[in-house]
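Data first, discussion second: the structure below is written as structure tokens.
Residue numbers begin at 1 in each chain, while the letters A, B, ... track the order of the sequences.
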Amino acid sequence: MSQLHITNSLSREKEIFIPLNPPYVGMYVCGPTVSGESHLGHARPYVTFDVIQRWLKHLDYKVRYVRNITDAGHFEEEDREAVDKVDTKAKLERLEPMELVQKYTNMFHDAMDLLNNERPGIEPTATGHIIEQISMIQEILKKGLAYEVNGSVYFDVTKYAKNNDYGKLSGRKIEEMIAGSRELEGQDEKRNAADFALWKKAPPEHLMRWPSPWGEGFPGWHIECSAMATKYLGVPFDIHGGGMDLQFPHHESEIAQTRTATGNSPAKYWMHNNMITVNGKKMGKSYNNTITLRELFSGNHPLLEQAYSPMTIRFFILQTHYRSTLDFNNEALKGAEKGLQRLMNSADVLNQLRYMENAGDFSQSEDDAVNKLISSLTEYMNDDFNTAMTMASLFELASKINAWQNQQAKITSISSATFERLKSAFNLFISEILGLKNESAAASDSKMDEVMQLVISLRNEARTKKDFATSDKIRNDLQKAGIQLKDGKEGTAWEII
RNA sequence: GGUCGGGUGGCCGAGGGGCUAGGCAGAGGUCUGCAAAACCUUUUACAGCGGUUCGACUCCGCUCCCGACCUCCA
């Protein structure tokens with residue numbers, strides 16, 4: 001796989017990635033709805049597409065990464081309900097949707113930063129693009145594929161499907177969908193059950209509302225992505241991503257809207273990450289197993305036995321291919337925590353290893369093996385971003401690195417050129433591509449380290465004098481304070497536990 | 001009910017007709033004043049039943065189970 005391949009949801013096949021307009025690559029990813037706190041489910045797509053975006057950049061593409069914030073809709077905070085306007089005189093007593101949206105947007109950004117996701121190039125909000133959405137709806141009306149009823153506008157799916165393949169992305173047939181759909185209340189305005197809203201008239205109690213040619217209302221569920229993707233990436237653009245749950249109806253409808261309004265399909269490649277489960281069950285309100293990212297990072301949740309750091313979560317997500325479901329449970333997360341430590345430790349070891357030329361030790365087969373592993377990192381990433389396999393190769397390299405450090409194998413069995421190549425590749429993939437970073441902030445605090453070096457040298461003096469009572473007291477008391485000493489060949493290291 | 005995906009060793013997970021995935025846990029070992037840590041080595045697998053094949057965990061069929069979407073959802 002010397003060329004990048006991407007599984008395209010449209011064709012259900014792995015295709016060679018050919019940008020529409022190289023070296024530029026446009027990527028749009030459906031962002032969060034900020035009516036609530038970010039949870040575990042948000043971590044997966046955004047870590048996934050962050051790595052995808054990083055890999056594309058690594059391949060020297062100039063990437064424009066757009067990820068929206070859905071901040072328009074029917075918003076109510078759990079503990080703070082909208083108070084009836086007639087009864088409340090003071091504005092400050094009422095729920096202000098933008099305040100709520102701002103709060104959760106900030107929390108989302110904090111969580112994304114902790115997960116070490118790079119921020120998208122453009123992060124447009126739905127409320128900031130009402131005008132674009134209205135004009136796109138007008139365009140669709142002009143084409144005759146939408147109709148207005150009582151101040152709401154609906155997309156005419158049945159009419160669209162006559163000349164277009166509605167259902168191609170999600171693998172559905174429109175006749176079956178209409179036959180299978182139930183009659184719901186409030187659907188009487190729609191001509192057909194499969195139709196969806198482009199603009200909804202705002203009922204009196206609705207808090208978010210904007211003037212439009214059809215009266216006061218708010219945009220439909222799907223139109224914001226069509227409008228913003230078109231505005232910032234043009235049509236068609238290269239990659240559209242999101243969770244598999246969005247494939248239908250959201251992305252299917254997006255295609256219909258954009259095609260109708262612009263005459264072009266939005267994206268060439270559609271990518272969908274799979275869902276996560278918690279203890280084998282889908283995470284959702286009805287299952288009572290929703291874990292927010294804050295709870296995860298603090299361990300403050302009945303289902304969690306301990307806190308899991310953002311990097312542990314990132315590592316855990318990337319250890320699985322993005323198209324597979326991923327199950328969260330304590331045992332697996334603890335495993336990820338250990339695995340991450342091992343990998344990061346090997347990276348430190350590698351950076352400290354000294355290579356001393358010794359031609360007699362050279363082994364062609366060993367040198368080949370290392371080079372093959374290095375190349376495999378790129379090949380696996382090019383194979384539909386197979387981070388699981390990339391990490392497997394990194395771990396195999398980690399074993400070799402550790403063996404060199406322990407003198408269980410000779411580092412000079414590989415050439416110095418191979419060693420240098422390994423060093424840069426190992427660091428590149430761990431920190432730049434996978435975006436894993438060392439979390440122990442204290443370790444990089446130089447004052448703390450100076451103090452610890454002093455304590456360690458005092459303890460070692462005691463040990464030399466065989467004053468083990470003192471040396472063990474130091475070790476045990478530090479342990480109680482959450483600092484672990486690690487005696488090794490090269491001296492004593494310490495870490496926060 | 002319809003459409004789609006999946007069932008891999010104690011746990012999480014890659015893979016794809018013959019070639020060790022990997023991580024964690026377990027076991028053995030190295031190091032150590034002792035311990036911890038670290039490191040090395042290593043056991044256990046492909047839901048069941050048929051079929052295709054020289055050969056299937058991998059392809060086909062059936063059965064059982066699980067999940068996703070169809071409704072807000074990452």
A:N329 near the nucleic acid: base, sugar-phosphate alone, or nothing, with a heavy-atom cut-off under 4.0 Å?
sugar-phosphate
Where the side chain of A:Q484 is concerned, which of B:C34, B:A74, B:A37 is the nearest nucleotide?
B:A37
OP1, OP2 of B:A37 versus side-chain N and O of A:N345: anything below 4.0 Å?
no
Answer with base, sugar-phosphate or nothing: what part of the nucleic acid does A:F328 contact at a heavy-atom distance below 4.0 Å?
nothing
When you compare B:G17 with B:U58, how far apart are their P atoms, in angstrom units rounded to a whole number?
11 Å
Report the nucleotide, chosen from B:C12, B:C40, B:U32, that has the shortest atom-to-atom distance to any side-chain atom of A:R463.
B:U32
Whole-angstrom distance between B:G5 and B:U42, as gauged at atom P:
38 Å
Which protein N or O atoms sit under 3.5 Å from an N or O of nucleotides 18-24 of chain B?
unit_1, atom_1, unit_2, atom_2, d
B:G23, OP1, A:R342, NH2, 2.9

Ring-ring centroid check A:Y65 A:F49, cutoff 6.0 Å
no
More than 12 heavy atoms of other residues, nucleotides or ligands under 6.0 Å from NZ of A:K423: is that the case?
yes
Minimum-distance nucleotide to A:D245 side chain [options: B:A74, B:A14, B:C11]
B:A74
Tell me what A:L246 touches on the nucleic acid: a base, only sugar-phosphate, or nothing, going by heavy atoms under 4.0 Å.
sugar-phosphate
Please check the phosphate of B:G6 (OP1 and OP2 only) for any side-chain N or O of A:T325 closer than 4.0 Å.
no
Ion pair check, A:R67 and A:D50, cut-off under 4.0 Å
no
So what does A:N386 hit on the nucleic acid, given a heavy-atom distance under 4.0 Å: a base, only sugar-phosphate, or nothing?
sugar-phosphate
Comparing A:T320 and A:R459 on RNA chain B - which has the more 5′ nearest nucleotide:
A:T320
For A:F468 and B:G33, is the gap between ring centres under 5.5 Å while the planes differ by less than 30°?
yes
Taking atom types as they are modelled, is there a donor-acceptor pair under 3.5 Å from the base of B:C34 to the side chain of A:R475?
yes
Tell me whether the side-chain N/O atoms of A:S324 come closer than 4.0 Å to OP1 or OP2 in B:G13.
no
Heavy-atom nearest nucleotide on RNA chain B taken for A:A398 and for A:P32; more 5' hit belongs to A:A398
Regarding B:A35, can its base be found pairing with the side chain of A:D487 as donor and acceptor, where the two atoms are less than 3.5 Å apart?
yes
How close do A:Q257 and A:F196 get, heavy atom to heavy atom, and via which atoms?
OE1-CE1, 3.3 Å
Please give the distance between the C1' atoms of B:U44 and B:A25 as a whole number of Å.
12 Å
